[in-house]
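Report on the following structure.
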2 protein chains.
Amino acid sequence: MPQGLSTNDTARLETVINTARMVKRGEVLFRPGDNFDALYAIRSGSLKTTLTSANGREQVMGLHLGGDTIGLEAFDNGHQVCQAAALEDSSVCVIPQKQFERACRENASIQRRLSQIMSAELVRKSAQILILGTLRADERVAALLLDVSARLHRRGYANDEFNLRLTRHDMGSLLGITLETVSRTLSRFQANGLIETRGKLIHIRDFNRLLAV
Amino acid sequence: MPQGLSTNDTARLETVINTARMVKRGEVLFRPGDNFDALYAIRSGSLKTTLTSANGREQVMGLHLGGDTIGLEAFDNGHQVCQAAALEDSSVCVIPQKQFERACRENASIQRRLSQIMSAELVRKSAQILILGTLRADERVAALLLDVSARLHRRGYANDEFNLRLTRHDMGSLLGITLETVSRTLSRFQANGLIETRGKLIHIRDFNRLLAV
DNA sequence: CGTCACCTTGATTCCGCTCAAGTGTGGTGG
DNA sequence: CCACCACACTTGAGCGGAATCAAGGTGACG
């Protein structure tokens with residue numbers, strides 16, 4: 001969140017981020033319709049956001065890792081639109097909306113940073129639309145693995161081995177395919193030596209061939 | 001754009017929006033990689049935004065009508081990520097980024113309005129992800145027709161008849177299906193009395209059955 | 001009035017879904 | 001600590017919806 005801010009601006013930001021909150025695995029951080037009283041910056045762990053349509057179908061909108069900020073959709077009409085649930089025991093920074101808005105008003109850098117974060121989220125969603133609109137099943141799975149790998153790498157973790165806390169069902173929902181297709185695709189990737197999996201643990205063995213779809 | 005702003009705030013906003021620009025049908029307003037020097041508020045007409053992936057597949061990201069603001073993704077890294085092209089002769093307000101940022105700094109209402117616009121765009125993209133991830137072809141086509149209808153209605157136009165300037169190909173791309181499927185679906189809707197079409201002109205005859213997928 | 005892009009409709013193919021059965025596996029309570 | 005149980009995962013068989021391939025038809029514009 002403080003990325004690109006000076007030490008002074010970061011200090012100002014920290015005055016509004018006074019509380020951390022634990023979210024246990026499976027616990028829901030916010031639901032559609034909740035009042036917009038805070039943004040949440042993920043400190044550790046991972047969450048998924050989901051949206052359920054009128055006819056009851058659930059779609060996983062995103063997988064969110066440490067460093068991500070969630071709840072941004074609520075600026076629109078003052079209410080949350082997604083549901084956010086923890087995939088593992090996680091810790092989030094609570095950023096009270098009122099105080100954060102004041103900070104934005106007083107500090108142009110923080111304000112610009114907010115625009116940047118929201119814009120980055122727009123880009124992320126655009127990428128997801130591209131995946132859902134143009135890729136075949138195996139390409140989607142490869143794209144997910146490479147995306148998670150790159151995001152972890154950017155945060156200083158190993159990029160070739162990680163725990164993907166999503167279930168096969170959630171991965172399928174995120175990618176617009178069924179859990180069976182996800183499972184089969186991962187099995188095939190493993191058979192072809194692209195990856196190794198053991199349950200939720202994923203080891204990428206051949207980045208080039210995974211990139212080549 | 002000035003929605004929800006006081007007359008004073010609107011006046012302040014208008015000081016930065018000094019130029020209108022015509023964009024002829026087929027003309028490109030901005031491209032991926034262009035420097036972020038302005039946002040664009042659509043005054044009249046319609047545009048499409050598209051994104052082309054590394055392997056050359058093009059995805060229509062959105063259909064943008066009068067009142068919409070485009071170019072918001074560029075806050076992320078200072079460059080445009082989508083391509084915006086006019087679907088018909090259109091007019092857009094040019095909002096120079098530098099001056100707009102100053103206005104945001106000086107005027108908290110304008111700043112809040114920016115957050116709101118970006119958030120609304122996040123919600124719109126979420127809805128598109130939901131469509132691409134969960135709906136079948138005929139449901140997607142129905143969703144598009146109803147979405148356009150509702151947006152026009154909100155702007156005071158008739159909600160049961162409109163000109164959809166997208167080609168079948170673009171509609172298909174937007175919805176993640178092929179142009180043939182779009183064409184067949186529209187024909188079937190017409191045969192069943194849900195709509196009437198004559199080329200790009202669309203007349204909705206039965207909202208209820210269209211809603212019922 | 002000819003040309004070109006867009007659209008419609010049909011035939012066939014195939015990718016991913018559905019249905020089904022069996023195999024882990026982690027969390028809980030005895 | 002172990003046994004159990006619910007839930008998650010894997011794999012197979014068959015089907016179906018949408019893609020692909022193909023062949024006209026339609027309309028806008030110079």
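One can place CZ of A:R198 at 8 Å from P of C:dG26, the figure rounded to the nearest angstrom. If you take CZ of B:R188 and P of D:dG17, they are 10 Å apart, rounded to a whole angstrom. Here the C1' atom of nucleotide D:dA8 and the CG atom of A:L87 are 15 Å apart, to the nearest Å. Atom CZ of B:R140 is separated from atom P of D:dG17 by 14 Å (rounded to the nearest Å).
Going from atom CG of B:L186 over to atom CG of B:L164 covers 8.5 Å, rounded to the nearest 0.5 Å.
Salt-bridge formation is not detected for the pair B:D160/B:R205: no Lys NZ or Arg NE/NH1/NH2 atom is positioned less than 4.0 Å from an Asp or Glu carboxylate oxygen.
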Quick one, B:Y40 with B:L72, criterion side chain to side chain contact (heavy atoms under 4.5 Å, CB included). Give me CA distance, side-chain angles, the key distance, then yes/no. CA-CA 9 Å; B:Y40 301 93; B:L72 300 165; over 6 Å; no

Go through the steps for B:L13 and B:F100 under the test side chain to side chain contact (heavy atoms under 4.5 Å, CB included), then give the verdict. CA-CA 8 Å; B:L13 185 61; B:F100 182 65; 3.9 Å; yes

Counting primed atoms plus P, OP1 and OP2 as sugar-phosphate and everything else as base, spell out the protein contacts along nucleotides 1-17 of chain C at 4.0 Å heavy-atom distance: B, S or - for each nucleotide, 5' to 3'. -----SSBBBB----SS

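A:F30 has its ring centre no less than 6.0 Å from the ring centre of A:F36.
By the neighbour-count criterion of 12 heavy atoms within 6.0 Å, atom CZ of B:R25 is sparsely surrounded, having that number or fewer from other residues, nucleotides or ligands.
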